[in-house]
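Data first, discussion second: the structure below is written as C-alpha cells.
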Amino acid sequence: MAVCARLCGVGQSRRCRRRQRHGGQDQPVSDSDVDMDDEEDERIVGQKQAAGGCGGLDCQAAGPSGGPGDVCCEHAGGCRPQGLLGRAITGPPNPQSLLDLPPELLVEIFSLLPGTALPTVALVCKQFKQILNTETIWRRRCAAEFGVNEDLRKMEVGGVSSRDFYVKLLHPYKSVLGLWQPDIGPYGGLLNVVVEGLFVVGWMYLPPHDPRVEDPMRRRPLFRITMSEDRKASVECMYGHKGPHKGDIQTVKKDEFSTKCNQTDHHRMPGGRQEEFRTWLEEEWGRTLEDIFHEHTQELILMKFIYTSQYDNCLTYRRIYLPPLLPTDLLRPGLFKGTYGSHGLEIVMLSFHGASARATKLTGDPNVPAGQLTLEVDLSRPVVLPDLERQRSIEELSRLVLGVHAEVQREGPAPAACPAGEGPLGVTGGNGAVGVASGGPPEGVPEGGAAGESSSEASGGAEASGASRGSSAPSPPESQPFILPLGVMARNEVYPRTCKKCFYGTGQIAGHGFTSPERTPGLFVLFDKDRFGFIWLELKSFSMYSRLTDRLGHAHSPDMECFEAMLRNMQSWTS
C-alpha cells in the first residue's frame, strides 16, 4: 500500500496518517476514515496543482512565435504542455506522480500492462479504478495477449464489454489454449484450442484421407466457449450433426483438462448406429466400406469406430509441446503426416536429440499406440545409395542397412551428440566405406558450416573428421537419385525421385495390443525440408511423411528438458 501511495503522491500511506490521528496506534478502518483520507488526498493533489506551474526548471520564456517575449508560466498561472500531436493536454506541466498525468496518457500507460496486473492497479485509488473502465484498455489487452483481431466494438454494442470478454472468457480459459492429446486409448489424436473471433474453439485435427499424405489437414470442432446473453462464459459441445448444445469443461490439474457433453442425444442419428458408422467412415476415410476390399483393413476400421464412438466427446486431454528448434537440427522439427499401411494416415512428432532423430506418434493404432516412439534415426550413420539400377534390388539395400545394423550391435549405443560446428558423420556399413552426410547445412546454420567458418575451413574439418575414422572418401552430392526397391510396398506411389540424405534407423513394430514390441532396421530418406520417408526392411514397406503446415499457437516448449519430460510422459500414458 505504501508503494501505491507513493505512486499517487499522497504521502507515505493512509495507514500512516491514521496512526498520526490516533496517537500512533493502528486502528480499524472506518468509513469516516476512508472519506477523510479521500478528502485529504484530493486536497493534497489540489494544493500541488495550484502551487506551481512548471516549477521553473524546464520552462523557457517564449513569444507567440516561439521566441523570447512571453512571460514564464509562474507569472501567468501556468503553461499548457503540448501533446505528441501538438494538442494541449490538461494537467500540471511537471507531474510529480501518476495522478498528475492527464487521463488520456494514463489510458496509454495502462494499455501496456498485462491484464493480470490491472486489478491491482485499480486498488490504488478511485481515479485509477475509473480509468480502468475505459474499453480501449481492454480491447488492446485482448489483441496483444490473445490475438483478437475482431472489432470488439460490435460486441460492446450488443451489451458485452471488452472488459467482460477478457475477464470472464479469455483469462479464465487461458490455460486450455494450445496443443493437446486426447486420451482415446491407442488412437490418441491432436486437439488445437485457439481464440477464433469471439470464441475459444477446440479443433480436432484429422489427417487427410489415405493415401494423400500431402493434402492439408482436416479440422472438426469439438467444443467452443462463448459469452452468453447474461455476460457469462458458456461451453457448447460441437460434436455430432445437430449443432451446438450444452457442454462443460473441467480443469483436472495442471496441463490437463476434460470435456463433458450434457446432451449426448444430439450425437445420435435417426438411422441408428449403421447411419452413424457410414457417416463416420466417409469423414474418416473418404469412402464406403464396400470400397475397401481388404478384409483386415475392414476389421481395423470397424474396431476403431466402436472404440472411439463410446466416448461421446467426454474426454481427458493432456498438454503437448512442439519440439524446440536447435541450430544443429537436420531440418526443422515439428508435426508430420505419415502412411501406416492398413491403419491409414497417422500424425507423428519429429524431434532431434543430439545425434539422433525421433518420431513419436500423436495418433496411433492397436499395434503401436499413440505416445510411443515409431522411428529412431542415427544421424551419425549416413548411408550412401548405390546407382539406380542397384537401388532396385531389395537385396542390395538390405546388405547396406543390415551391415550398419551389425556394426551398431557390435559398437553399442550411438554417441549422445554431434560435435559443435560439425555435421553428423558415420560408417555406412556393407562395403566398409565411410560416408559423410550429403546436402547443405541444417536449417538455421549458415552455408559453409558453423558461424564464423569459411567454406574451405568447414570442408577441411569434415575431411579431417573423416580421416580420423580411417577414410578419405568424398562427400556425396547435394542430391542423389532415389527409387524404391522392387518388392517394397508403398501406399502412395507418388514420391520424390531424388533425395538429399539417407541414414540408418530403426522402426518399432508390435503385435496387436502393443505386444512383443521390437525395433527393426530400416532406411531414413530425407527428400527436402518438408518431406521424408522410411523403408521398413522386415515389412518390405515404405512410409511417406509430409509436414503439417498449419499455424499452431501457444504450443512451443519452454526448453528441451521440459519437452523431453513430456515425451516420457506420453510413453507412460500408453505403456
Side-chain angles (χ1 to χ4, degrees), residues 1-16 29 34 37-38 41-42 44-45 48 83-84 89-92 95-153 155-156 160-178 193-200 225-227 231-233 249 251 253-255 257 319 553-559 562:
M1 194 65 188
V3 175
C4 297
R6 286 197 295 273
L7 287 174
C8 293
V10 294
Q12 190 173 7
S13 74
R14 292 178 175 175
R15 181 173 295 181
C16 294
V29 181
V34 173
D37 288 340
D38 290 339
D41 293 348
E42 295 172 2
I44 292 173
V45 173
K48 287 188 176 184
L84 295 176
I89 57 177
T90 59
Q96 301 299 312
S97 74
L98 289 178
L99 273 177
D100 294 340
L101 297 176
E104 56 267 33
L105 188 53
L106 289 175
V107 169
E108 294 295 324
I109 294 172
F110 294 162
S111 296
L112 301 176
L113 297 177
T116 52
L118 297 181
T120 305
V121 176
L123 297 175
V124 173
C125 62
K126 290 181 177 179
Q127 182 176 345
F128 283 10
K129 184 177 181 179
Q130 291 173 351
I131 291 175
L132 286 173
N133 287 327
T134 306
E135 288 294 278
T136 301
I137 297 174
W138 298 98
R139 287 191 212 112
R140 294 181 181 178
R141 295 323 308 156
C142 291
E145 296 180 31
F146 299 97
V148 178
N149 297 319
E150 298 290 319
D151 187 358
L152 296 181
R153 292 180 180 86
M155 179 183 68
E156 293 161 11
V160 179
S161 68
S162 296
R163 178 175 182 171
D164 286 339
F165 186 56
Y166 182 99
V167 173
K168 297 181 181 180
L169 177 68
L170 297 181
H171 181 67
Y173 290 97
K174 179 181 180 180
S175 60
V176 302
L177 298 178
V193 184
V194 297
V195 178
E196 196 165 282
L198 302 179
F199 303 94
V200 173
I225 313 169
T226 183
M227 293 290 290
R231 288 188 265 183
K232 292 182 179 179
I249 287 181
T251 302
K253 55 185 178 181
K254 182 183 178 183
D255 293 334
F257 76 94
R319 183 179 294 281
H554 302 277
H556 295 286
S557 176
D559 50 52
C562 181

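Minimum interatomic distance between Phe165 and Gly197 (heavy atoms only, all atoms of both residues): CZ-O, 4.3 Å. A pairwise comparison of heavy atoms in Lys129 and Ala122 identifies CB-O, 3.6 Å as the closest pair. Nearest heavy atom pair, residue Arg319 against residue Leu177, reads NH1-O, 2.9 Å. Nearest heavy-atom pair, Leu106 versus Gln127, reported as atom, atom and distance to 0.1 Å: CD1-NE2, 3.9 Å. Of all non-hydrogen atoms in Pro119 and Gly115, the two that sit nearest each other are CD-O, 3.3 Å.
To the nearest 0.5 angstrom, Ile131 atom CD1 is 14.5 Å from Lys126 atom NZ. Taking CG of Leu98 as the start and SG of Cys125 as the end, the distance is 9.0 Å to the nearest 0.5 Å. Between Ser175 atom OG and Lys254 atom NZ the span is 11.0 Å, to the nearest 0.5 Å. Rounded to the nearest 0.5 angstrom, Glu104 CD and Thr134 OG1 are separated by 10.5 Å. Taken to the nearest 0.5 Å, the CD1 atom of Ile137 stands 7.0 Å off from the CG atom of Leu118. The CG atom of Leu170 lies 13.0 Å from the NZ atom of Lys168; values are rounded to the nearest 0.5 Å.
For His171, the NE2 atom counts as loosely surrounded, since its 6.0 Å shell holds 12 or fewer non-hydrogen atoms of other residues, nucleotides or ligands. Residue Lys174 places its NZ atom among 12 or fewer non-hydrogen atoms of other residues, nucleotides or ligands, all under 6.0 Å distant.
Val193 is not listed as a side-chain neighbour of Tyr173, based on a closest heavy-atom distance of 4.5 Å or more. Looking only at side-chain heavy atoms (C-beta outward), Phe128 and Leu123 stay at 4.5 Å or farther from each other. Using a 4.5 Å heavy-atom threshold, the side chains of Trp138 and Leu152 count as separate.
Judged by distance alone, with hydrogens and angles left aside, the side-chain atoms of Arg141 form a donor-acceptor pair with the main-chain N or O of Leu113 at under 3.5 Å. Of the possible donor and acceptor atoms, one in the side chain of Ser557 sits under 3.5 Å from a partner among the backbone N and O of Asp559.
Of the listed residues (Glu135, Glu145, Glu108), just one forms a side-chain hydrogen bond (donor to acceptor under 3.5 Å, both in side chains) with Arg140, and that residue is Glu108.
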